[in-house]
Protein chains: 4
Amino acid sequence: MSFTALSALKSKQLTDQLIDQSVIVDPASAKGRLLKSAATLFKRQGFDSTTVRDLAKEMGIKSGSLFHHYQSKQEILLNVMHQAILLNQARLELALSLNENLTDKIHALILCELQASLLDTGAQMTILVYEWRCLNPENQQKLLTLRDNYEAVWFEHLSQAKTQGLVNIDPKILRRFLIGSISGTIHWYQEGGKYSTEKLAEMMLMMALKDA
Amino acid sequence: MSFTALSALKSKQLTDQLIDQSVIVDPASAKGRLLKSAATLFKRQGFDSTTVRDLAKEMGIKSGSLFHHYQSKQEILLNVMHQAILLNQARLELALSLNENLTDKIHALILCELQASLLDTGAQMTILVYEWRCLNPENQQKLLTLRDNYEAVWFEHLSQAKTQGLVNIDPKILRRFLIGSISGTIHWYQEGGKYSTEKLAEMMLMMALKDA
Amino acid sequence: MSFTALSALKSKQLTDQLIDQSVIVDPASAKGRLLKSAATLFKRQGFDSTTVRDLAKEMGIKSGSLFHHYQSKQEILLNVMHQAILLNQARLELALSLNENLTDKIHALILCELQASLLDTGAQMTILVYEWRCLNPENQQKLLTLRDNYEAVWFEHLSQAKTQGLVNIDPKILRRFLIGSISGTIHWYQEGGKYSTEKLAEMMLMMALKDA
Amino acid sequence: MSFTALSALKSKQLTDQLIDQSVIVDPASAKGRLLKSAATLFKRQGFDSTTVRDLAKEMGIKSGSLFHHYQSKQEILLNVMHQAILLNQARLELALSLNENLTDKIHALILCELQASLLDTGAQMTILVYEWRCLNPENQQKLLTLRDNYEAVWFEHLSQAKTQGLVNIDPKILRRFLIGSISGTIHWYQEGGKYSTEKLAEMMLMMALKDA
DNA sequence: AATGAATGAGTCTTCATTCAT
DNA sequence: AATGAATGAAGACTCATTCAT
């Protein structure tokens, strides 16, 4: 993947644009800051172990005040996940548009999701995996279409890779293995450690594709 | 992997032997049944969302009675994890002894852990991954040596594979990717679905090794 | 009771006159509309179950804004009750002035209070009965004189009826029975149902007086 | 009504018999005492204004312990009402069996319900009237059949009275007026005051029947 | 071993009220 | 006048744990 493509993902322009378009909640607003804090805490402690008092304290308000912004803790979770998908999908599309080669594109997919899991961006994709069962069925339904759209992008590219002989197993299963590998990183990844997210993405690409 | 090796893993002999040696708690005893029930519930609902009343009901006793067997819910979790490691390690060693070829051995490693995650054996390895943070630091320490022993086996084999050119990335990282892929299966694996645990293990082997 | 008397009770003239004299709050003003809404909600849901947000929503404003009109929810209750007594007393006096015969006068008393309980007039007398204990002692004291004046009118007429042999029990007790019967109607009266308020008043009169 | 009939209603035998038959909860048991306390508090303060802490304090336990006996405050209300109907219905049937004359029977009906409203018996019928809307729809449904049975007894007797010319208005409406009169007594009745429940019942009978 | 009752600290949530803008 | 954000005290309910029986 080119240096240009990599750095584009980090630019603030992207986020700003999404805010302008009201795709995501303005991270500077009270609601936005709450979502960011919640994402961080849910990732660190899990949804169940994060109390509304924790959330409130993180924002410097009292717990009752939270409910001025969201009707319930559950609604906060829903929004955290919603934002995560939206933000990551936007990053993904940008990344894809900046790469031509299929291998590079898959590399980009991996990197995007990895960073969305590990970096403190508010787009904590791991929450989607680990806290999914904390979402009530009604809310799960609401997110399912969005998740499906997102997964469709992965499937499309891994299928092409299969056709081209870059992949030798069922692409659906490969994707599931990769979800596990990626989300699992939060249990051991350390910022400033031996491997950067970029390096990890590269290694994961090597595992996923036959001759990467 | 040979048919003999596969079926040996399923034999009851192994478990019986471990009980005789008092390595693991007799699954027929009250304590043993509790551990099994707990493993099932912790896997299904998570540790935090499993109440001590849930555990008691599963055993057909009242919640207060649980504390005659274990001093706290935390202690139950500790023992569930402990048993999981012990049981799985024993299965692992048996599996390794039944295979000669390095590729077969790695295949066996994967299959063992996959089954320990997906099958209702009481050796629910996924709990180690997903509920690790529910273990208090003191108890984490107690299990760490055991986990290290277990991981050493994996590292040894993946390192050999690296040397032989079967693996092209850092074995430590590969192992972590595999932990993620394996434990992630609980989110989507369905018994009686398209792929069996054996088939999944095969596919994971193909992903992990260059020419498997 | 004559047709003239009946329809006079429904005329808007009466209310207008009271507003002009500043006896009651102008129902077109913000304060007046709030009182009307509050009366409706308190009757329907009870004082405790009506939130200040409910009241605000009914008026199309935000809850904080309510406190520009009244200092507290308690004060709103006080005023709702106050208005109810004033309005009903005025209607009562009019009704009495339009009837000569004692039986007709008692009929009028009953009809007035029944309509004040059942119709959506802002003079919800039932609130006086059912929400009285929600009024703090201080405010109860404030209304007591007013209530006593109002009750004096009833007592006077029922006493006369006793003297004339139309009533055969202690007039004070009869009045209390009637309060119960009248306020109880809100639990079952349905507008447009089998019996009109006029018909119900007639039946109640028959129960109260020996040969009505 | 005869003296025998009156005193039979007060005997403890009746209650004991019901307990033996498990028709009602034993008032000496924890559950029974809770129900009694709850009935008293709900009557005095209303359901909404009675906190679970109030209930617990009345029983000398901590609030959390309440939920060992009943799953929710709502369930307590349901049971209080249920007991009230059962107890009162039993008293009613006894009273009816002890009186021959129609007038006496109606007198007995009134007295029973009046005492069930005013005396501290655990059969607080007024709660049925005043707190009915606090019962959720599901629970309302559960009690409806029971209430209907109970009301059928009243209807039967008042209808007979109508046929005999003792009553000159629709018996259904008369019953509703009487419910109001009876339940309304809690707002003003004072034990040891001028009138006893027996005296009040007599007066109410005089109001209800033409020549009582 | 087992039970049932009790505990107490904790959970999310509600709501009347305040106040700067 | 009106708003939106915030407060804090209170609400019902949960749950691991204890303990007398």
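Chain A is the first sequence line, chain B the second, and so forth, proteins listed ahead of strands; every chain is numbered from 1.
For A/Leu77 and E/dT11, the CG to C1' distance is 17 Å, given to the nearest whole Å. Between C/Leu55 atom CG and E/dA16 atom P the separation is 8 Å, expressed in whole Å. Rounded to whole Å, the distance from CG on A/Asp48 to C1' on E/dT11 is 11 Å. Across the protein-nucleic acid pair, A/Arg53 atom CZ and F/dA10 atom P stand 14 Å apart, rounded to whole Å. Rounding to whole angstrom units, CG of residue D/Leu66 and C1' of F/dG11 are separated by 14 Å. The OH-P distance, from A/Tyr70 to E/dT14, rounds to 17 Å in whole Å. Atom CD1 in A/Ile61 sits about 17 Å away from atom P in F/dG4, given to the nearest Å. As rounded to whole Å, 11 Å separates atom C1' of F/dA6 from atom CE of A/Met59.
If you check every strand for non-hydrogen atoms under 4.0 Å, B/Thr50 touches sugar and phosphate atoms only. B/Ser49 comes within 4.0 angstrom of nothing in the nucleic acid, heavy atoms only. Base contact: A/Ser65 has a heavy atom under 4.0 Å from a base atom.
Here the CD atom belonging to A/Gln71 is positioned 11.0 Å from the CD1 atom belonging to A/Ile76, to the nearest 0.5 angstrom.
At E/dG4, one or more side-chain N or O atoms of B/Lys62 fall inside 4.0 Å of OP1 or OP2 (strictly under the cut-off). The shortest distance between the side-chain N/O atoms of B/Ser72 and the OP1/OP2 oxygens of F/dA16 is not below 4.0 Å. Side-chain N/O atoms of B/His68 include none lying less than 4.0 angstrom from OP1 or OP2 on E/dT3. For A/His69, no side-chain nitrogen or oxygen approaches OP1 or OP2 of F/dG4 to under 4.0 Å.
Taking only side-chain atoms of A/Lys73, from C-beta outward, the nucleotide of E/dT7, F/dA12, E/dT13 with the closest atom is E/dT13. Checking F/dC13, F/dA1, E/dA1 against the side-chain heavy atoms of D/Ser63 singles out F/dC13 as nearest. The side chain of A/Phe67 lies closest to E/dT14, out of F/dA12, E/dT14, F/dA6.
Using Watson-Crick or G-U wobble geometry with both donor-acceptor distances under 3.5 Å, F/dT21 finds its partner in E/dA2. Searching all strands for a Watson-Crick or G-U wobble partner of E/dC15 with both distances below 3.5 Å returns F/dG8.
In this structure, D/Gln124 contributes its side chain and D/Ala84 its backbone to no donor-acceptor pair below 3.5 Å. Without hydrogens or angle criteria, B/Lys73 side chain to B/Phe47 main chain gives a donor-acceptor distance under 3.5 Å.
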Do A/Tyr70 and A/Val52 pass the side-chain contact (heavy atoms from CB on, under 4.5 Å) test, and can you show the C-alpha distance, the side-chain angles, and the key distance before you say yes or no?
CA-CA 11 Å; A/Tyr70 291 99; A/Val52 293; over 6 Å; no
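C/Leu77 pairs with exactly one of C/Asn139, C/Ile127, C/Asn136, C/Thr50 by the side chain to side chain contact (heavy atoms under 4.5 Å, CB included) rule, that one being C/Ile127.
Comparing A/Arg33 and D/Gln71, the nucleotide of DNA chain F nearest to each residue sits closer to the 5' end for A/Arg33. With DNA chain E read from its 5' end, the first of the two nearest nucleotides for C/Thr51 and A/Phe47 is the one closest to A/Phe47.
The two residues A/Ser37 and A/Glu58 have their closest heavy-atom pair at CB-CG, 3.4 Å.
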